[in-house]
Number of protein chains: 2
Amino acid sequence: MSKCQQCIIREFNTLRSLTADELKTMSKEKDVLNFKKGDVIFKEGNAINGVYCVKHGICKLSKLNANGKEQIVRFMKGGDMLGYRSILSDEPVTLTVTALKDMEACYIPKKEILDAIKENPKFSLDMMKTVCGDLRDANASLSNMAQKSVKERLADTMIFLKETFGEDKDGYLDIVLTREEIASVVGTATESAIRLLSEFKKKGFIELTGKRLKVIDEVGLLKLSQGF
Amino acid sequence: MSKCQQCIIREFNTLRSLTADELKTMSKEKDVLNFKKGDVIFKEGNAINGVYCVKHGICKLSKLNANGKEQIVRFMKGGDMLGYRSILSDEPVTLTVTALKDMEACYIPKKEILDAIKENPKFSLDMMKTVCGDLRDANASLSNMAQKSVKERLADTMIFLKETFGEDKDGYLDIVLTREEIASVVGTATESAIRLLSEFKKKGFIELTGKRLKVIDEVGLLKLSQGF
DNA sequence: TCAAGTCTATGATAAATGTCATATAATTTC
DNA sequence: GAAATTATATGACATTTATCATAGACTTGA
């Protein structure tokens with residue numbers, strides 16, 4: 001079984017603040033889980049008893065609204081911690097998490113995290129920074145969602161996906177989404193997203209090959225996202 | 001000078017987890033500040049070196065977007081803590097805070113808060129719960145903003161204002177907002193907000209007397225907010 | 001491999017929302 | 001308290017966005 005102490009991904013998240021001893025106990029208590037593309041890791045309303053430390057893969061965090069439509073609230077990838085909000089606030093999860101690529105994640109029981117918070121102020125503060133960062137981003141998204149047009153938001157999304165997930169050797173985004181999922185990030189109807197993607201392609205901002213997507217003119221997209 | 005130990009408001013926020021000793025030091029270090037309606041407490045981009053524990057009054061937290069429009073992200077009232085995100089993540093503030101009513105708030109230097117986090121795990125965990133709660137709310141707002149119509153969001157806002165700020169003896173909401181501010185909460189144009197308020201009034205959901213606002217049919221508004 | 005299902009694309013149209021113009025009401029300032 | 005400013009209200013219209021319909025492309029599974 002892999003040891004947390006040797007896990008590289010740990011350097012990218014709050015677990016970096018743990019002591020060697022704490023890591024050892026965590027390593028003993030953790031489970032290594034695998035998920036296939038499409039697997040649901042947990043669902044809105046579920047009670048979970050641990051956090052998931054993502055090693056590889058990508059997942060989406062979404063909320064189902066009254067009329068059955070999915071709103072993607074954010075993505076997570078290697079290094080991110082899933083479910084910490086629920087654990088920390090001792091509430092059921094409020095988002096559904098679905099794998100978008102095959103994933104490997106370590107399940108760390110609640111107790112380990114809460115103990116570490118009690119014992120290790122550095123970890124505690126680091127954890128707070130993570131939540132605070134998420135909160136800052138959520139507020140920024142809220143403001144954008146409220147005030148930008150669909151076109152501007154789609155441009156934002158293209159840039160965000162490139163910056164967050166990078167490109168493969170051919171320059172295509174290293175994340176594959178359906179048009180419906182793109183629409184659900186942007187907060188619009190699938191048809192509207194499709195239409196605007198075609199427009200972006202026509203204007204030379206992006207390239208489309210099936211579901212594969214390449215950002216060609218990031219500066220242009222940036223300008224567009226700011227309303228020019 | 002008032003003592004934190006005897007402050008009732010403290011019972012409503014994370015400071016309730018502090019020990020008597022911690023409260024004593026905090027009391028010594030804090031400043032009591034007063035703000036008039038309209039005063040800006042801090043601005044997007046400012047560096048602050050402490051948090052504000054609100055005793056009385058109401059303020060709005062907003063973000064200015066590229067085209068100069070204000071987006072109200074949330075409100076705070078007695079018991080809430082302002083600026084903690086910036087302190088915890090050691091970043092400038094990302095929101096502008098403006099008093100909507102005369103306010104009294106205690107300014108607590110950063111050091112006191114960070115020390116308490118290091119020393120007192122209960123406070124630390126309580127603090128985390130607060131941030132996590134804010135994050136949950138922000139995600140929910142994001143999803144609503146993306147998927148609900150302006151009319152639905154306005155209905156939500158009316159209910160939210162009633163639940164959060166209550167009513168005076170005449171049944172009017174205990175918060176006074178301009179139409180522009182209402183629009184800025186909902187995320188729409190001022191004229192659209194005005195039009196829909198008139199419609200709500202005509203349909204008997206609310207009563208309008210100048211800026212004073214009364215919710216008459218909360219159930220009706222709730223149904224409307226869910227798309228009926 | 002083909003049939004069924006899903007996804008993407010696009011036109012036509014409807015509905016929602018924003019913008020501009022204008023008028024009146026309320027508030028502020030001198 | 002009158003003039004100036006700001007806030008509210010509403011009409012007319014433009015623009016954006018959603019919805020419905022249809023068709024072809026792509027996947028998937030028997």
Side-chain angles (χ1 to χ4, degrees), chain A residues 36-38 65-72 98 100 144-157 172 176-203 206-214 224-225 227-228, chain B residues 36-38 60 65-72 98 100 144-157 172 175-203 206-214 224-225 227-228:
Chain A
K36 289 253 156 249
K37 179 177 172 174
N65 76 352
N67 55 54
K69 245 184 151 184
E70 171 189 58
Q71 176 63 34
I72 295 180
T98 314
L100 292 176
N144 282 337
M145 196 61 84
Q147 306 220 323
K148 288 191 172 186
S149 69
V150 172
K151 194 182 292 187
E152 288 162 0
R153 269 143 52 200
L154 181 62
D156 277 339
T157 300
Y172 285 96
V176 174
L177 298 171
T178 65
R179 301 291 191 266
E180 192 177 359
E181 283 168 335
I182 294 176
S184 160
V185 178
V186 172
T188 189
T190 306
E191 295 94 325
S192 299
I194 290 174
R195 252 180 261 273
L196 287 170
L197 283 172
S198 300
E199 188 186 322
F200 282 10
K201 181 183 176 181
K202 210 173 295 168
K203 292 191 176 155
I206 60 171
E207 204 179 297
L208 293 170
T209 313
K211 288 202 206 338
R212 303 209 308 154
L213 214 146
K214 189 190 289 193
L224 206 157
S225 100
F228 299 109
Chain B
K36 290 256 155 249
K37 180 178 170 174
K60 61 177 175 182
N65 77 352
N67 55 52
K69 246 183 148 185
E70 171 188 59
Q71 176 62 34
I72 296 180
T98 314
L100 292 176
N144 281 338
M145 196 62 84
Q147 305 220 326
K148 289 191 172 188
S149 69
V150 172
K151 196 184 286 188
E152 289 162 359
R153 268 144 50 200
L154 181 61
D156 276 341
T157 300
Y172 285 96
I175 180 175
V176 173
L177 298 171
T178 64
R179 300 291 191 266
E180 191 178 358
E181 282 168 335
I182 293 176
S184 159
V185 178
V186 171
T188 188
T190 306
E191 296 94 325
S192 299
I194 290 174
R195 251 180 264 273
L196 287 170
L197 283 171
S198 301
E199 187 186 322
F200 282 10
K201 181 184 177 180
K202 211 174 292 170
K203 290 191 176 153
I206 60 171
E207 204 179 298
L208 292 170
T209 313
K211 288 203 209 337
R212 303 209 307 152
L213 213 146
K214 191 190 288 192
L224 205 156
S225 101
F228 299 109

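Below, chain A is the first sequence line, B the second, and so on; all start at residue 1.
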Report summary line: With a 4.0 Å cut-off (strictly under) to non-hydrogen atoms of chain A, the first and last hit nts on DNA chain D, 5' to 3', are D/dT17 to D/dC20
Query - Within 6.0 Å of CD in B/E180, more than 12 heavy atoms from elsewhere - result: no
Query raised in the report: Does the side chain of B/L196 reach to within under 4.5 Å of the side chain of B/R153, using non-hydrogen atoms?
Result: no
Report summary line: dist A/L213:CG -> A/E207:CD (nearest 0.5 Å) comes out at 9.5 Å
Report summary line: dist A/Q147:CD -> B/Q71:CD (nearest 0.5 Å) comes out at 4.5 Å
Requested in this report: Might you point out which heavy atoms bring B/L177 and B/K211 nearest each other, and give the distance in Å?
Outcome: O-CD, 3.8 Å
**Report entry** Taking every non-hydrogen atom, the tightest pair across A/L197 and A/R179
**Finding:** CD1-CD, 3.5 Å
Report summary line: Residue pair A/K211/A/E191 against DNA chain D: nearer the 5' end by closest nucleotide is A/E191
Query raised in the report: Which residues satisfy the side-chain hydrogen bond (donor to acceptor under 3.5 Å, both in side chains) test with B/D156, sequence neighbours excluded?
Result: B/K148, B/S225
Report task. Tell me what B/T190 touches on the nucleic acid: a base, only sugar-phosphate, or nothing, going by heavy atoms under 4.0 Å. Result -> nothing
**Report entry** Nucleotide interval of DNA chain C bounded by contacts with chain A (heavy-atom cut-off, under 4.0 Å)
**Finding:** C/dC7 to C/dA12
Query raised in the report: Of B/V150 and A/R195, whose nearest nucleotide on DNA chain C comes first from the 5' end?
Result: A/R195
Just distance, no hydrogens or angles: give the donor-acceptor pairs under 3.5 Å from side chains in residues 181-191 of chain B, sequence neighbours left out.
residue: B/E181; atom: OE1; partner: B/T178; partner atom: N; Å: 3.0
residue: B/E181; atom: OE2; partner: B/K60; partner atom: NZ; Å: 2.9
residue: B/S184; atom: OG; partner: B/E70; partner atom: O; Å: 2.8
residue: B/S184; atom: OG; partner: B/I72; partner atom: N; Å: 3.0

**Report entry** salt bridge (charged side-chain N to carboxylate O under 4.0 Å, His left out) partners of residues 193-202 of chain B, not counting sequence neighbours, each pair once
**Finding:** B/K151-B/E199, B/E199-B/K203
Query raised in the report: Would you say the side-chain atoms of B/T209 pair up with the backbone N or O of B/R212, donor to acceptor, closer than 3.5 Å?
Result: no
Report task. Rounded to 10°, tell me the angle between the two end axes of the helix from C/dT1-D/dA30 to C/dC30-D/dG1, each built from five pairs. Result -> 50°
